[in-house]
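Single-structure report; data block below.
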Amino acid sequence: MTNKQQVDHALSARKNSYSPYSKFRVGACVLCESDNFYIGCNIENATYGATCCAERIAIYSAIAAGEKKFISIAIASDSDDFTLPCGICRQIMSEFSSELEIICANNQGEYKVYSLNELLPHSFKL
Ligand code: THU
């Protein structure tokens, strides 16, 4: 899958976002070494704290399907700016792969690619 195709999957997953509180829709698409891909969208909750980001939903879906090795994750929202992953999601990504590519898109499907090491250097590990 090309980066552009992966961004398109993230943009369409964004349409399933449940975000009545922030009204900030996010979609994500994680590509696995197996060539399978999994999508996620942000799912909010009235407690706010129980909200889950699109990236984590995509990664957790992949893990629930038996995947362990990830190549890249695309993230997109309605914003004109490139959408970067929050700190918690960066830490979740680092749990599973240190080499991950993070494809950060804007609402037009333009994107910038970062390495996880660039976005979360010196990450916590046990
Ligand atoms: N959100 C994500 O889904 N991913 C991020 O990396 C940043 C934030 C969601 C959480 C919440 O539903 C909304 O965006 C506003 O923070």
Side-chain angles (χ1 to χ4, degrees):
M1 172 153 55
T2 64
N3 285 353
K4 181 74 185 101
Q5 288 169 326
Q6 199 172 346
V7 164
D8 286 343
H9 284 300
L11 283 166
S12 65
R14 171 194 60 159
K15 294 180 185 148
N16 296 328
S17 165
Y18 176 74
S19 43
Y21 305 106
S22 72
K23 302 191 174 17
F24 188 79
R25 303 186 304 167
V26 186
C29 175
V30 66
L31 177 65
C32 305
E33 260 184 33
S34 62
D35 249 8
N36 294 327
F37 68 91
Y38 299 83
I39 56 161
C41 61
N42 56 329
I43 302 176
E44 298 187 343
N45 185 268
T47 63
Y48 288 29
T51 290
C52 195
C53 291
E55 300 91 312
R56 265 177 282 160
I57 301 278
I59 291 169
Y60 290 168
S61 295
I63 289 168
E67 306 282 357
K68 292 278 181 299
K69 300 203 167 166
F70 308 122
I71 292 171
S72 55
I73 185 164
I75 309 159
S77 72
D78 293 318
S79 175
D80 295 337
D81 297 327
F82 299 112
T83 300
L84 280 111
C86 79
I88 295 173
C89 288
R90 293 178 198 198
Q91 184 66 34
I92 300 298
M93 291 168 192
S94 87
E95 181 77 21
F96 299 103
S97 60
S98 46
E99 304 284 301
L100 194 70
E101 279 195 339
I102 304 173
I103 306 164
C104 300
N106 65 16
N107 58 16
Q108 298 301 303
E110 298 158 336
Y111 60 87
K112 272 191 184 167
V113 183
Y114 298 94
S115 68
L116 181 56
N117 199 44
E118 275 179 282
L119 298 188
L120 190 69
H122 313 293
S123 65
F124 176 79
K125 295 241 163 59
L126 279 181

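Hydrogens, waters and symmetry mates are skipped; everything else that's a heavy atom, side chains included, is used. These figures come from a predicted structure and were not determined experimentally. Counting starts at 1 for both ligands and their atoms, in listed order.
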Would you tabulate the polar-atom pairs, meaning N/O of ligand 1 against N/O of the protein, with distances under 3.5 Å, reported to 0.1 Å?
from, atom 1, to, atom 2, distance (Å)
ligand 1, 3 (O), Ala54, N, 3.0
ligand 1, 4 (N), Glu55, OE1, 2.8
ligand 1, 4 (N), Glu55, OE2, 3.4
ligand 1, 6 (O), Glu55, OE2, 2.5
ligand 1, 6 (O), Cys86, N, 3.0
ligand 1, 12 (O), Asn42, ND2, 2.9
ligand 1, 12 (O), Glu44, OE2, 2.5

Show me the donor-acceptor pairs within less than 3.5 Å that the side chains of residues 119-126 make with the rest of the protein, sequence neighbours left out.
from, atom 1, to, atom 2, distance (Å)
Ser123, OG, Lys125, NZ, 3.2

State whether the number of non-hydrogen atoms from other residues, nucleotides or ligands found under 6.0 Å of Gln91 atom CD is greater than 12. yes
Phe82: which residues meet the ring-ring contact (aromatic ring centres under 6.0 Å, His included) condition with it, sequence neighbours left out? none
By ring-ring contact (aromatic ring centres under 6.0 Å, His included), which residues pair with Phe37, not counting sequence neighbours? His9
Check the pair Phe70, Ile63 against side-chain contact (heavy atoms from CB on, under 4.5 Å), reporting the backbone distance first and the verdict last. CA-CA 10 Å; Phe70 308 122; Ile63 289 168; 3.8 Å; yes
Looking just at side-chain N and O atoms, do Ser115 and Asn117 make a donor-acceptor pair shorter than 3.5 Å? no
